[in-house]
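First up is the structure itself, then whatever we jot down about it.
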Amino acid sequence: MKKIKYILIGLLGLALNQGVTAQLSYNYAGIAYDNVANNNANYTTSQNEGLRSTYLNLPNGIALDTNGRTYITHWNRLMLIDGSKLRGRAGGAGDPVFSGGHSDLNSIAGRMDDPRGVAVHPGTNEVYICDYGNHLIRKVSRYVNSSNAQDLSTFAGTYSGSNSGSTDGALASAKFNGPNDIVIMNNGDMYISDEDNNTIRKISGGMVSTVAGSASAMGDVDGIGGAARFTYPRGLCIEDQNNILIADYNNGKIKRLNLTTKNVTTVVSGLVGPQDVVSVNGKLYITERTKITKYENSTKSIFAGDGFAADTTAGTLSQTRFTDLRKILYNAKEDAFYVADYRYGIIKKIELFEKPIVKFTATPTSASVSQVVSIVDQTTNRKGTRKWVITPANYTLVNSTTLNSETVQVEFSQTGSYTVKLTYTYSGGSEELKKSGYINVSIINAPPVADFVADRVLQRANTDITLTDLSSNTPTSRLWTITPSAGVTFQSGTDNTSKFPVLQFANEGKYTVKLTATNANGSDDEIKTDYITINNTASVQLTNINPLSIYPQPASNSVQINGVSNALSFTIYNLNGQRVLGGSVIENQVNVSRLNAGIYSIMVEDAQGNLYKSKLLLN
């Protein structure tokens, strides 16, 4: 063990000396032990052991809660990785041969039979388990602390002497046949791979239904709903809030189920017994027995492991070995995978460390002197620190933005071409993008073209809203008109002629904003009707026209707006109803990396003034 430790330290030191980040794997939890060859002779008996001083028996499912704790299932038991400890939370302790069965009791007094897939409800932190041997979906109450028991109960399915089947209907009367994995959408809908029925089931509104496949009719057919066929579907993955991915084990495929159309299509084929799949930054990572396969741009490659050699070696990705992989989890906050190695009873952690892909855009790129230009960071895989460089330095940063801000707002004082460079510096090195002569600034002898934006368009009364004049052709004066004007006051020393006026609205309602921009060549008006809405309940209980679909959930860096083709601006509120972040939606993405982990509400407005809302979970 010491030898392996020193090898890893040496590898990491070499990587750092070379200025790159080595991707490494670690035997993270569990004592490596051949459970199959030794008939599970070693097993966990204590409740709060160190991660590497604990035996796990045939670990299978793995899931992350909203507080960053990791649940795993192994033979007849649910465990929790909580910091440096592994805690038994539900199901029988001791020899797994004698700790199975079924009972709804607190903590380790309860009984399960071969629990497999596990998922955590994004809104409640309650845990849901596929109790494969009992043909049930079990529920475990949320974790409070290590001394509080978590209640184990039967959530869906019928328990009796011979309780397998395929019955849709109310939770208590439904029947499953070997449920293998479960995912939970933002709205609370659950999808289950009912392995021995060869179907995908759904739980919503207290009812169980079959959404794809036909009970006991195995096969390999892409199709809609009941016309589709699977052969032992296992791991599930939320690709986005309208699609889930399915590891179709015996068909050697990854399939996609569209939750709206119920259409099943093949995404990846030619796999060997895929157990699970996870989607990260548009790439798929698939567990196949002794390797993790990466699928990117229609091409498969080995990410870690080997298709033939099988053991427990940890180290670089090419050195890493697995024995019999099951479920895989991506922890976005750590930028790492956790995988369950079934036979040897260990949880492996694998660093991803994808480098930042630096991107940005400016609006406008052809500007007039003193016009406000917004430069927006669109980088993916963000990590480390951000730094903007704009040359030549004939500019002023406005609206409290800095050269480290996600969005930089700039006024240029002289004509000419300006170069913009964005650099991300992180532990593995740095990545940058430079656009030479990107912004061109001139003096145009023409009337202004008026334009403006508000930093938020939905707010409570008596709360600051900042307007920004975006007019081109160098206005020398401006005049703001707010209708109705009753109860509208200017704040922070600004007035109706300021370039960045700060306003408060005492009364609820909708307000029209007009900007008149003037220079020596004339003037121009920009009018936005019913542009600002003041609603005293909006920041506590957001009332809007449409529900909002966003993914991933939980998120850590950015979220994608789904189903709103012309999303314009966003506002994020905490649980106390306080606005914590707002700005423009760029290419249907919202950057949330500045917020702490927790539960928020997000409001999005489109170009037509329609409002959309959703709960937002950050880890």
Side-chain angles (χ1 to χ4, degrees), residues 11-24 280-283 294 296-297 301 303 316-317 330 332-336 351-367 371-441 552 555-560 581 583-595:
L11 289 168
L12 182 58
L14 176 62
L16 293 175
N17 288 335
Q18 292 177 340
V20 298
T21 300
Q23 293 172 293
L24 300 175
V280 181
N281 297 326
K283 307 173 188 66
K294 180 180 178 180
E296 179 182 11
N297 297 326
S301 61
F303 172 70
T316 65
L317 297 189
Y330 175 66
K333 195 152 194 166
E334 298 180 356
D335 198 20
E351 297 169 338
L352 184 56
F353 287 153
E354 288 196 333
K355 66 181 181 181
I357 301 172
V358 182
K359 296 184 291 184
F360 62 84
T361 186
T363 305
T365 54
S366 295
Q371 182 179 358
V372 176
V373 176
S374 294
I375 311 174
V376 182
D377 182 2
Q378 297 177 322
T379 300
T380 57
N381 305 335
R382 297 182 185 185
K383 51 178 65 72
T385 58
R386 175 197 299 114
K387 181 69 174 179
W388 297 95
V389 176
I390 304 170
T391 53
N394 303 317
Y395 65 86
T396 301
L397 299 174
V398 298
N399 278 344
S400 301
T401 61
T402 73
L403 292 176
N404 304 113
S405 299
E406 177 185 355
T407 297
V408 178
Q409 290 192 315
V410 186
E411 290 181 348
F412 294 95
S413 59
Q414 296 183 21
T415 61
S417 292
Y418 290 81
T419 294
V420 180
K421 183 175 73 171
L422 174 59
T423 302
Y424 269 82
T425 303
Y426 61 106
S427 60
S430 64
E431 296 292 327
E432 68 177 39
L433 175 63
K434 181 178 180 180
K435 295 185 181 182
S436 298
Y438 181 49
I439 299 172
N440 295 287
V441 180
S556 48
N557 290 323
S558 64
V559 292
Q560 183 79 24
L581 190 64
S584 299
V585 177
I586 306 298
E587 293 186 351
N588 268 30
Q589 286 190 337
V590 172
N591 185 278
V592 293
S593 60
R594 286 182 286 176
L595 298 179

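Any value given below was found using the heavy atoms of this structure, including those in side chains, with hydrogens, waters and symmetry copies removed. Remember, it's a predicted structure, so these values are computed and weren't measured experimentally.
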**Message:** Please evaluate residues Lys355 and Tyr426 with respect to the criterion side-chain contact (heavy atoms from CB on, under 4.5 Å), reporting the C-alpha separation (whole Å), side-chain torsions for both, the decisive distance (0.1 Å), and the verdict.
**Reply:** CA-CA 9 Å; Lys355 66 181 181 181; Tyr426 61 106; 3.3 Å; yes
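- For the atom pair CG (Leu403) and OG1 (Thr423), the distance works out to 11.5 Å, reported to the nearest 0.5 Å.
- Between Ser558 and Val590, the closest side-chain pair of non-hydrogen atoms is not below 4.5 Å.
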**Asked** Is there a side chain to side chain donor-acceptor pair (under 3.5 Å) between Ser417 and Asn440 once you walk through the steps?
**Response** CA-CA 4 Å; Ser417 292; Asn440 295 287; 2.5 Å; yes
Contacts under 3.5 angstrom, residues 431-439 side chains, donor-acceptor by atom type, not counting sequence neighbours:
unit_1, atom_1, unit_2, atom_2, d
Lys435, NZ, Phe360, O, 2.7
Tyr438, OH, Ala362, N, 2.9

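- The two residues Val280 and Tyr330 make their nearest non-hydrogen contact at CG2-CG, 3.6 Å.
- Between Lys387 and Asn404, the closest side-chain pair of non-hydrogen atoms falls below 4.5 Å.
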**Request:** Apply side-chain contact (heavy atoms from CB on, under 4.5 Å) to Lys294 and Lys283, showing your working.
**Result:** CA-CA 7 Å; Lys294 180 180 178 180; Lys283 307 173 188 66; 3.5 Å; yes
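- Scanning for salt bridge (charged side-chain N to carboxylate O under 4.0 Å, His left out) contacts around Asp335 gives Lys383, with sequence neighbours left out.
- With values rounded to the nearest 0.5 angstrom, Thr361 atom OG1 is found 9.5 Å from Ile375 atom CD1.
- When all heavy atoms are compared, the tightest approach of Thr401 to Gln409 is OG1-N, 3.2 Å.
- Minimum interatomic distance between Ser405 and Arg386 (heavy atoms only, all atoms of both residues): O-CD, 3.2 Å.
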**Message:** Apply side-chain contact (heavy atoms from CB on, under 4.5 Å) to residues Val408 and Leu397 and explain how you reach the verdict.
**Reply:** CA-CA 7 Å; Val408 178; Leu397 299 174; 3.4 Å; yes
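- The side-chain contact (heavy atoms from CB on, under 4.5 Å) check on Gln414 picks up Asn394, Tyr418, with sequence neighbours excluded.
- Residues Asp377 and Thr379 bring a donor and an acceptor atom of their side chains to less than 3.5 Å of each other.
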**Request:** Start with the C-alpha gap between Ile390 and Thr419, add the side-chain angles, then the distance that decides, and say whether side-chain contact (heavy atoms from CB on, under 4.5 Å) holds.
**Result:** CA-CA 6 Å; Ile390 304 170; Thr419 294; over 6 Å; no
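- Listed by chain and residue number, Thr425 satisfy the side-chain contact (heavy atoms from CB on, under 4.5 Å) test with Thr385 (two or more places apart in sequence, or in another chain).
- Using a 4.5 Å cut-off on side-chain heavy atoms (C-beta onward), Thr396 and Val410 make no contact.
- Considering only residues two or more places apart in sequence or on other chains, Ser366 meets the side-chain contact (heavy atoms from CB on, under 4.5 Å) condition with none of them.
- The NZ atom of Lys359 sits 12.0 Å away from atom CG of Leu422, with the distance rounded to the nearest 0.5 Å.
- Residues satisfying the ring pair (Phe, Tyr, Trp, His ring centres under 6.0 Å) criterion with Tyr395, sequence neighbours excluded, are absent altogether.
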